[in-house]
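Just below is one structure, and these are the notes that go with it.
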Amino acid sequence: MKKALIVIDRVELVYYEYNTLVTNFWFNKILLESGFDVDICTIDGLSICNFQPFANCFKTEWKNNNLLKSEKAKIKNINNFDLVLFRPDPPVDIDYINATLIFDFVDEAKVRVINSPKAIRNFNEKFHSNLFPKFVPENIVSSNKEQILGFVKKHKKAVIKPLNQCFGQGVIALFEDDINLNSLIKSATNNYKTMCLIQKYLEGARFGDKRILTLGNEVLEYAITKAPLDNDFKFSEHSDNYLRKAELTKTEIEIAASVAQKLNSMGIPLAGIDILDNKILEINITSPCYFLKEIKNIYGIDLSEKFKNFFNKL
C-alpha cells in the first residue's frame, strides 16, 4: 500500500478531525479514498537523525464519516513514504525555512514531494511574481523610505505587502495625501529594515481579485473571486462568505497557463494565482487553497476524482 505524509500547519493539528474548512482535510480524505496510508505532521515534528529525515507522525483514518487521527505520534523516516504534501502556512520565517532544509535529505528518486520545499524556499509568493514582468503591476521591492515615498508619489495610490505573510496580513493601502503615510511605511518596513513589496494600486480591487488554480500544467476552469470586506479594500478574512464564482477571460487563462508551465517545471504543480485587472498580484505556492470544498460549494462541482488521478499518477 502506498504511503503519504501531509505536512500541515500547527494550528490545523489542534482541531484537525473537525477542520473541514482547510484544504489539507480534503486532500487527506482523497488520499485515504485512493488507497494511501496517510500520516500528518507539523514542521516542529521534523528532524534529522543519523543523516536521515524523520517526522513525528499522527496516523489518520476515515471512520464513521469522520476524519480521525491517532492520539499518539510515532517517529517515521520520511524516505519510507511514497508521497509528501508539504503544506504549512506562512509566515515563511526561520522555522519554515529550516523545515524545507529537512527535505534536502529526502531521496527524491523514491519520494515525490509537492510542492517542492526547495522550490518554495527559492520562490517568494510576492517577490517572484516579478519573474513574469509582462503580467504584473508596476512595483518595487524595498525597505528604503525615499524609494517607497517616490513610488507612492508617482502613482498617487499603492499597496505595501510583507513578503512572508498570507491571507492579507499586513497589507496596507498607501495614499499620497495620507497624513500617516510616513508612519505606515515605517511600521510596514520594521523601521526601514525589512523589505516589502510595493505595488501600484489597481482600482479593480473594489470588486475583488480572482484566484486561478493550477494543477501541473493545467489551469482549472473553475476559479474563485475573493471579495473585499465591507470595511476593507481587500479580501482579508478566511471565510466562505467573501468567496464568489469567477468567470475567467481568455487573457486570464493564457496568463495562468504561462505561469503554470513555469511553476510546474520548478517543482510547483499546485498553485493559486491571484489576478486583478489582468495583472498578477501574487502566486500562492506554500499552501494554496480553494481546490475542493470551495469549488464544490460555489459551482456544485466535485474535483475529487481529478485529484485522485493526479496523486495516483505521481
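All residue numbers in this chain count up from 1 along the given sequence.
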Check your understanding: Between the side chain of Thr225 and the main-chain N/O of Ala227, is any donor-acceptor distance below 3.5 Å?
Key -> no
Exercise for review: Starting at CD1 of Ile212, measure out to CD1 of Ile283 and round the result to the nearest 0.5 Å.
Suggested key: 11.0 Å
Check your understanding: Under a 4.5 Å cut-off applied to non-hydrogen side-chain atoms, are Trp26 and Thr23 in contact?
Key -> no
Check your understanding: Can you tell if the side chain of Val152 reaches within under 4.5 Å of the side chain of Ile160, non-hydrogen atoms only?
Key -> no
Review point. Shortest non-hydrogen contact from Glu125 to Gln165?
Key: OE1-O, 4.4 Å
Check your understanding: How many angstroms lie between atom CG of Asn122 and atom CE of Met266, to the nearest 0.5 angstrom?
Key -> 7.5 Å
Point to revise | Intermediate values then yes/no, side-chain contact (heavy atoms from CB on, under 4.5 Å), Glu12 and Asp89 | key: CA-CA 10 Å; Glu12 292 176 21; Asp89 287 340; 4.1 Å; yes
Review point. For Ile179, does the CD1 atom have more than 12 heavy-atom neighbours from other residues, nucleotides or ligands under 6.0 Å away?
Key: no
Review point. How long is the span from the CD atom in Gln199 to the CG atom in Leu276, to the nearest 0.5 Å?
Key: 9.5 Å
Check your understanding: Do the side chains of Leu149 and Ile172 join up, straight or via other hydrophobic residues, at under 4.5 Å, putting them in one cluster?
Key -> yes
Practice item. Using modelled atom types only, decide if a donor and an acceptor are shared between the side chain of Lys210 and the backbone of Glu247 within a distance under 3.5 Å. Key: yes
Review point. Do Ile114 and Phe311 come close enough that some side-chain heavy atom pair is under 4.5 Å?
Key: yes
Check your understanding: Any chance NZ of Lys250 has more than 12 other-residue heavy atoms, nucleotides or ligands included, within less than 6.0 Å?
Key -> no
Practice item. Please determine, by modelled atom types, if Asp274 and Asn284 share a side-chain donor-acceptor pair under 3.5 angstrom. Key: yes
Practice item. For Asn130 and Phe127, indicate whether the former's side chain and the latter's backbone hold a donor-acceptor pair under 3.5 Å. Key: yes
Review point. Are any non-hydrogen side-chain atoms of Leu174 and Ile148 less than 4.5 angstrom apart?
Key: yes
Check your understanding: In Å, rounded to the nearest 0.5 Å, how long is the span from CG of Leu303 to CG of Leu220?
Key -> 6.5 Å
Point to revise | Pairwise side-chain contact, Pro53 with Ile48, heavy-atom cut-off 4.5 Å (strictly under) | key: yes
Point to revise | Sole residue of Lys293, Lys29, Lys296 in salt bridge (Lys or Arg N to Asp or Glu O under 4.0 Å) with Asp302 | key: Lys296
Study note, to complete from the structure: In terms of heavy-atom contacts, Pro162 and Val171 come closest through CD-N, 4.1 Å
Exercise for review: Would you sort out whether Ile185 and Tyr192 count as a side-chain contact (heavy atoms from CB on, under 4.5 Å), showing the intermediate values?
Suggested key: CA-CA 8 Å; Ile185 294 172; Tyr192 316 117; 4.1 Å; yes
Review point. Which heavy-atom pair separates Pro288 from Phe291 by the least distance, and what is that distance?
Key: O-CE1, 3.5 Å
Check your understanding: With a 4.5 Å heavy-atom cut-off, do Ile255 and Phe132 have their side chains touching?
Key -> no
Point to revise | Results of ring pair (Phe, Tyr, Trp, His ring centres under 6.0 Å) for Tyr222 - residues two or more places apart only | key: Tyr299
Practice item. Go through Asp104 and Arg121 one step at a time and tell me if the salt bridge (charged side-chain N to carboxylate O under 4.0 Å, His left out) criterion holds. Key: CA-CA 11 Å; Asp104 288 350; Arg121 189 167 71 235; 3.3 Å; yes
Practice item. Measure the acute angle between the ring planes of Phe307 and Phe27, then classify it against the limits of 30° and 60° as parallel, tilted or perpendicular. Key: tilted
Point to revise | Exam field: side chain Asn312 to backbone Lys308, donor-acceptor pair closer than 3.5 Å | key: yes
Exercise for review: Locate the shortest heavy-atom distance separating Val106 from Ile78; write the atom from each residue and the value.
Suggested key: CG2-CG2, 3.8 Å
Check your understanding: What distance do Leu213 atom CG and Cys289 atom SG have between them, rounded to the nearest 0.5 Å?
Key -> 8.5 Å
Check your understanding: How close do Val219 and Ile253 get, heavy atom to heavy atom, and via which atoms?
Key -> CG2-O, 4.2 Å
Point to revise | Lys59/Asp37 salt bridge by N-O under 4.0 Å criterion | key: yes
Check your understanding: So, the side chain of Asn24 versus the backbone of Val22: is there a donor-acceptor pair under 3.5 Å, distance only?
Key -> no
Review point. Quick one: does Phe86's side chain get under 4.5 Å of Leu5's, heavy atoms only?
Key: no
Practice item. Compute whether any side-chain donor of one residue and acceptor of the other, for Asn144 and Ser142, lie under 3.5 angstrom apart. Key: no
Exercise for review: Could you check Lys226 against Asp209 for salt bridge (charged side-chain N to carboxylate O under 4.0 Å, His left out), going step by step and ending with a plain yes or no?
Suggested key: CA-CA 6 Å; Lys226 299 182 285 131; Asp209 60 278; 2.9 Å; yes
Review point. With distance as the sole test, does Asp39 use its side chain to make a donor-acceptor pair with the main-chain N or O of Cys57 at under 3.5 Å?
Key: no
Point to revise | Contacts of type salt bridge (charged side-chain N to carboxylate O under 4.0 Å, His left out), residue Asp107, not counting sequence neighbours | key: none
Practice item. Can you measure from CD1 (Ile8) to CD1 (Ile43) and round to the nearest 0.5 angstrom? Key: 11.0 Å
Exercise for review: State whether the side chain of Asn115 and the backbone N or O of Ile285 hold a donor-acceptor pair below 3.5 Å, judged by distance alone.
Suggested key: yes
**Study point:** salt bridge (charged side-chain N to carboxylate O under 4.0 Å, His left out) between Lys161 and Glu282, intermediate numbers included
**Key:** CA-CA 10 Å; Lys161 302 179 179 182; Glu282 57 188 73; 3.6 Å; yes
Point to revise | Geometric class of the Phe175/Tyr201 ring pair [parallel <30°, tilted 30-60°, perpendicular >60°] | key: tilted
Exercise for review: Locate the shortest heavy-atom distance separating Pro137 from Lys200; write the atom from each residue and the value.
Suggested key: CB-O, 4.3 Å
Review point. Between the side chains of Asn28 and Thr60, does any donor sit under 3.5 Å from an acceptor?
Key: yes
**Study point:** Pair Phe103-Leu46, side-chain contact (heavy atoms from CB on, under 4.5 Å): steps then yes or no
**Key:** CA-CA 9 Å; Phe103 284 84; Leu46 300 173; 3.9 Å; yes
Check your understanding: Has the side chain of Asp277 got a donor or acceptor atom that lies under 3.5 Å from a matching backbone atom of Lys279?
Key -> no
Exercise for review: Answer yes or no: is there a donor N or O on one side and an acceptor on the other, between the side chain of Thr100 and the main chain of Ile97, under 3.5 Å?
Suggested key: yes
Point to revise | Side-chain heavy-atom pair Lys3, Lys76 within 4.5 angstrom cut-off | key: no
Review point. Does Asn77 reach the main-chain N or O of Gln52 with its side chain, forming a donor-acceptor pair under 3.5 Å?
Key: no
Review point. Given the rule in the side-chain contact (heavy atoms from CB on, under 4.5 Å) test, do Lys69 and Leu13 qualify, once you have shown the distances and angles that lead to the verdict?
Key: CA-CA 9 Å; Lys69 68 173 177 64; Leu13 185 65; 3.9 Å; yes
